[in-house]
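Worksheet: the structure to be examined is printed underneath.
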Amino acid sequence: MAVLWLDDVGSDDIDDVGGKGASLGELTGAGLPVPPGFVVTAGTYRRFIEGTGIDEELFEAVDVDSDDSSALAGAAERAEELILETPIPDELKEEILDAYARVGDGEAFVAVRSSATAEDLPDASFAGQQETFLNITGDDLVDRVKRCWASLFTQRAIYYREEQGFEHHKVDIAVVVQQMVDAEKSGVMFTSHPSTGDPEVIIEAAWGLGEAVVSGSVSPDNYLVDKETAEPTEVTVADKKVMHTKDPDTGATVEVEVPDDRRKARVLTDEEIAELVGLGRQVEDHYGSPQDVEWAIVDGEVYMLQSRPITTISKSSGSSGSSQAASATDGSGQQQQQNQNDVILKGLGASPGIVSGAVRIVDKLDQLDKVQEGDIIVTAMTTPDMVPAMKRAAGIVTDEGGMTSHAAIVSRELGVPAVVGTSNATRELEDGRVITIDGDKGTIREGQVTKKEEESDPLEDVRPKNPVKPMTATEVKVNVSIPEAAHRAAVTGADGVGLLRLEHMILSTNKTPERYIRDHGEDAYVEEIVNGVRGVADEFYPRPVRVRTLDAPTDEFRQLTGGDDEPKEHNPMLGYRGIRRSLDRPDVFGHELEAFRRLYDMGYDNVEVMFPLVNDVEDVLQARTLMEDVGIDPDKRSWGVMVETPASALCIEEMADAGIDFASFGTNDLTQYTLAVDRNNEHVAGRFDELHPAVLKLIGDTIETCREHGVDTSICGQAGSKPKMIRYLVNAGVSSISANIDAVRDVQHEVKRVEQKLLLDSVR
Ligand code: PEP
Ligand code: MG
């Protein structure tokens, strides 16, 4: 038999019908109102792959190194191809379609959902993705069943099993096919208080199909109900802007606006609440434990769509890191808190602004497509290939990293609020959960901000608070890492770009330089750089744009195509990066310098060349020679170095003699190397102090030496946006300060204040 009816199955059949199928069978058996349906069993999946003989090739195809993302992508693609393109044996197809013909009127719209059987895996949802197709009819049914089977072999599922050491061929999948309920209202119910276990029922309800509630795309009404009397004790009616419904023409599930008269109307009547509570009691009695139930109402009939035990009772409510408490569930069964005032996680406020959105967990696999406009990306650490998704996102949260990490730098430039270094956001949050992040305070709260005044204006920090740009003797420039931020940077009125990081342009191609050159040729590589720099140089012309040659540590390169060839380093921050790598690979470095030469030939005389992570005059002389080798005359162009190591600060005099025009303090690195504090390690973030006397002494002495030798000084590290650092630098006689986009205007005012005070002091 290819299928089993929900009427006939229960928890004993879990191996054949999966967790979802077993739970629906249990509810049906207990006499609860469950929409009719059947399960295409795990055995049927097995018969398909073995009967058609694709099993061997399938399991061979997915046996890959999980750290090799392109191999993983290829494996997932091949597995999907095999499953979707291999015809299903006629007898299986007939059995499935025969069963379908017996649901409803024989032409019913059904929901098709994967039901993972891998109960021995700690997280079965990874083993088989929670694939769901709504409003399907007979024509598409077999295809959707196969797509559920294929969901066993998504990149994420393969990766998970490889990482956990589970064998692909031992995992099966069932598929639940169930009549759709054209819900007028739907939601979730906790049959007891999810944190305390008290006899309080919590119901959440919204208009239309349940997907809007479970995915968190709408804030539902919330009803707190006395379990004994079934009477509501507290009702919070939400403003429900959208709902999901079936398009009457196509049958597809669509999101539509809630009609005005129902947006702020209460969804559930007291009678409906009483009925739900009654059913909740039955479910709880049946299982003998408090349950989290999905329900729907159509034509006055209440249906139970899903039930799972609540696992959070007795955990303290609202405690940091508790991911389950009163609220909705998502499609994979995780429960979500809803109390907006609870800070559920803390990190470093890395990019200002307060925003709300649905969580999208992004791991190192290619899951960027799922990030939609307005979502909040939650990831271990962002990488350059995430930038397009970061632009779409409303906010960014990371587990790792400090104020100078990739996530912090890029989100500031994009004007996207960010909280970094939370340690465990990817584990504590789950897809679809709606959170509010505060990029100033570094907090993450449950739910949506409701107060209008808390909604952040993404341009607020850029719009001049004082429209008149103060004239300062010390130049105030701006840092740019992603060329897309050039316009936003230029309209700040900055005196130029103090740091344009080249690596973000290269890395956003998702290939290491070596691989890019191999795949596309040297000329394409040079043009990639020329075009990236040009965009910024055009925006600022004739204001100077200081472009830094490539400086990415090998761990950043490793994530890209070609990254396997990168040397494996215990401590990439102390390793093969910056000028050291460039001088070691003059063939690759030469192409970067060639890009500068082409830009000069095109008339971009506002472009300056800056070398990162130099230690001494040897580094500088070699770099200078390589510039000359491609035809750049160092005496005619403005070029210089970053002061990022104590060695470079201590050796600055010899470098000045070698002809540099400027030295720019990279305080992100100078601080980490002076204090031995890893800038990306959230555990020592409290020790990362750019104003430490040792750092200031290196800076102060370097400025003094440079002044004596007619070399300009600047700062382009993150600390250039800090008032205390500005005061120190201007007093020490720095030539320019380069700040974050959002800080430029404040820095201009601070510089002006310090300069005026210096003038006043000199005449007093
Ligand atoms: C610095 O080290 O301060 C700097 C600006 O360079 P990056 O942050 O790119 O290392
Ligand atoms: Mg640096």
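Nothing fancy with the numbering, it's 1 onward along the sequence. Start at 1 and go down the list; that is how both ligands and their atoms are numbered.
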So is R546 actually on top of F662's ring, under 6.0 Å and inside 45° of the axis?
yes

Begin from the C-alpha positions of D551 and R577 and carry the test salt bridge (charged side-chain N to carboxylate O under 4.0 Å, His left out) through to its verdict.
CA-CA 6 Å; D551 178 15; R577 56 171 287 212; 2.7 Å; yes

Give me each pair satisfying ring pair (Phe, Tyr, Trp, His ring centres under 6.0 Å) with a member in residues 387-429, each pair once, sequence neighbours excluded.
H406-H504

Rounded to the nearest 0.5 Å, what separates atom SG in C716 from atom CG in N668?
8.0 Å

Those residues with a heavy-atom separation under 4.0 Å from ligand 1 are L499, R501, R548, R577, M642, E644, G666, T667, N668, D669, R679, C716, G717

Step through the shown structure and confirm whether more than 12 heavy atoms of other residues, nucleotides or ligands are within 6.0 Å of CZ on R534.
no

May I ask you to decide if R637's main-chain N or O and E608's side chain share a donor-acceptor pair within less than 3.5 Å?
no

Protein N/O/S neighbour count - the Mg ion (ligand 2), strictly under 2.8 Å
2

Does the side-chain hydrogen bond (donor to acceptor under 3.5 Å, both in side chains) test come out yes or no for N510 and T561, once each step is laid out?
CA-CA 6 Å; N510 212 14; T561 307; 4.6 Å; no

Test side-chain hydrogen bond (donor to acceptor under 3.5 Å, both in side chains) applied to T509 - qualifying residues, sequence neighbours left out:
none

Cationic N near anionic O, under 4.0 Å, R707 to E704
no

